[in-house]
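Remarks on the structure that follows.
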Amino acid sequence: MKGVDQEEVSRRRGIYFQGFGIYGGLSGLYDYGPYGARIKDKVIRIWKEIMLSEGNIAEFDGTTITHTQVLKASGHYDRFFDYSIECTKCHTKYRADDLIEKMGVAATLDKKWLQDKILELEIRCEKCQGDLGEVKIQKLMFPVEQGENLEPLFLRPETAQGMFVNFKEYYRFFREKLPFAMITVGRGYRNEISPRRAIFRLREFNMMECESYFDPKNEKWVREPDNEIKVTFLTNEGKEIKATSKEAYDKGIVKSQPMAYFFGLALRFYSKVGIDLEKIRYRQHKKEERAHYSSETWDAEALTDIGWIEITGNSHRGTFDLTNHIRSSGKDLYAQRIIPKREEFQKVKEIDYKKVKSEYPDISSKIIAAMKEGKTEVTIDDKNIQLDRFTIEREEKVVVDRESFVPVVIEPAFGLDRILYAILDHNLSSREDSGYAYLKIPYSISPYDAVVLPLMNKDGMDESAGKIFEDLLKSKFSVLYDDSGSIGKRYSRYDEVGIVYCITIDYDTIKNGDVTIRHRDTKEQIRIKIEDIPRYLGSDPWNGKAN
RNA sequence: GCGAGUGUAGUGUAGCGGUAGCACAAAAGCUUCCCAAGCUUUUAACCCGGGUUCGAAUCCCGGCACUCGCACCA
């Protein structure tokens, strides 16, 4: 907090605001307005630019409505529930399954079962010994109707699954070479029990996820982790260390090399979008906090006015997802590795057609059919025939030079809305002298390149400004035009939404053909020729630390 | 989802049974050659629904939303 309320500014200036406001709003749904939508778009672009410039990362754009079988395989369908129970006296809330498991009984995730078990075990409120009420189910996925006689489908609770099920497409795209990764930017949906703090916890949210695939025998990214940016690592043993990603990996703090590599990428990204790296830390999940499938999890957290908030989750998902989809779909989602050539003798079983025909010339086709079905005996015309003796076994020499395996997955999942929350929190400041707010985000995510401002609306300044504005639009710059209010008021207007440059047209413009360009942060102005404006803006002249 | 509290122009607030005021913002005009100046004018609100009452923003009930706490965040 710097004396400026992010939510107030956002509402007032159209960065973000509650969805469906004229109808009283809907909990957990927020819209991005004229400035917010542009900032968001630029943040996405920077992220993609960084990820895609790795060379072995490709983009995926999947649907949000998801095949139910996918969610059954991933575990969401059966586990994405919250069975809660509340004390009727003091209203403390518990998870019903937790209470039962604390009694040393394995819980079955079924409402009636849980309810009965709680009565049977005579479980009472831990705090006040009061009676517990009814078990309530909170479903955390959003169903979507798909037709009269069909089961509802669900909106995806994460973008990851869409990528996993398309693993093979991308495996082919990368010509069957690991490691590679897929990225998706898109929306996810979770029926959060109590969404709060504006865009911090939403029911429909934006994420940018990356699924990277590795041979478990060679879990390394193609490049070394970053060794420049230092950040705080907080281990699950409570150790706090400031280190670069490479150091953290070398010292064994971060076990997974790719994970350490992605930390470096993420830090470059955070820094580029104006997140203060002094307010970033990596916190390792404790065992009990970790998702069931993960062997190593680190959250990147940002310090904001509401404390440390998770902005990116990094999970080592192992082979969990692909194994489940292989099992569930019966399809091949394996990768292959080249191994040293070796010759092997495999036992091959074959049907001895000659023998069958010579012994049972009339019913040979029936016998062969039964053998092909894998039967060991068959009864034809009341005759019981053992089939083993028609099998011949022989050894065959085969050359083996590859083997199949299930790739392991390492997933950095960026919460876009929370990243935007952190960006606003870290950059919304107030001027020391006047107290007015200004948003010191980098030029690269500034909602517009510049604003064109005639100093006054007369003596040809307005015409001149109008022409400069039109020319900039034609040159593909995103610019605004504003001629209302005093010049100081207008500067402040755009300071507040993070626009870096104000181009002011004054009397000298008419005389000399030059304009002043004012910088948001320093309030300093320089004079340049009108024809130099595109070059000046195009050179991305931001020189602050955030670049 | 529970408990407590809150909901008034775009934003921040006053009014708390007699028919909505202020500040900032916004718009028009005048003025002003550079950091929310001044003057004039204007636009604009009682979260939604029901009840009590001659009369409700105000009291009551229900809903919705927000804040905090608990829980949740796989």
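In what follows, chains are A, B, ... by sequence order, proteins preceding strands, each numbered from 1.
Side-chain proximity of A:Glu158 to the nucleotides B:A36, B:C35, B:A74 is greatest for B:A74. Of the candidates B:C34, B:C33, B:A74, B:C34 carries the atom nearest the A:Tyr491 side chain, counting heavy atoms from C-beta on. Side chain of A:Arg11, nearest nucleotide from B:C66, B:U11, B:C68: B:U11. Checked against B:A65, B:G1, B:U11, the side chain of A:Leu26 finds its nearest nucleotide in B:A65. Listed nucleotides: B:G12, B:C34, B:G1. Nearest to the side chain of A:Leu455: B:C34. You'll find that the side chain of A:Arg201 is closest to B:C72, out of B:C35, B:U67, B:C72.
A donor and an acceptor atom never sit less than 3.5 Å apart when one is taken from the side chain of A:Glu192 and the other from the base of B:C73. Between the base of B:C35 and the side chain of A:Ser492 there is no donor-acceptor pair shorter than 3.5 Å.
Contact annotation: A:Arg493 reaches the phosphate of B:A26 (side-chain N/O to OP1 or OP2, under 4.0 Å). Note on A:Gln18: every side-chain N or O is 4.0 Å or more away from OP1 and OP2 of B:A65. Using a 4.0 Å cut-off, no side-chain N or O of A:Lys489 falls inside it from OP1 or OP2 of B:C24. OP1 or OP2 of B:C73 sits under 4.0 Å from a side-chain N or O of A:Arg95. Phosphate contact (OP1/OP2 of B:A71, side-chain N/O of A:Ser194, threshold under 4.0 Å): absent. For A:Arg196, no side-chain nitrogen or oxygen approaches OP1 or OP2 of B:A65 to under 4.0 Å. For the pair A:Ser486 and B:A37, the criterion of a side-chain N or O lying under 4.0 Å from OP1 or OP2 is met.
Residues of residues 460-467 of chain A that place a heavy atom closer than 4.0 Å to RNA chain B do not occur.
Aromatic pair A:Tyr494/A:Tyr501: centroids not less than 6.0 angstrom apart. Separation of the A:Phe142 and A:Phe154 ring centroids does not fall under the 6.0 Å cut-off.
Distance check on atom P: B:G10 versus B:C48 gives 12 Å, rounded to whole Å. Nucleotides B:A9 and B:G15 have their C1' atoms positioned 15 Å apart, rounded to a whole Å. For the C1' atom pair drawn from B:A36 and B:A14, the interatomic distance equals 24 Å after rounding to whole Å.
Using a 4.0 Å cut-off between charged side-chain N and carboxylate O, A:Asp433 and A:Lys523 make a salt bridge. Ion pairing of A:Arg431 with A:Asp495 is present here, as a side-chain N (NZ or NE/NH1/NH2) and a carboxylate O approach within less than 4.0 Å.
Counting non-hydrogen atoms of other residues, nucleotides and ligands closer than 6.0 Å to CD1 of A:Ile65 gives a total of 12 or fewer.
Within 4.0 Å (heavy atoms only), A:Arg190 reaches at least one base atom of the nucleic acid. A:Ser27 comes within 4.0 angstrom of sugar-phosphate atoms only, judged by non-hydrogen atoms across all strands, and of no base.
Atoms CZ and CD, on A:Arg317 and A:Glu411 in that order, are 4.5 Å from each other to the nearest 0.5 Å.
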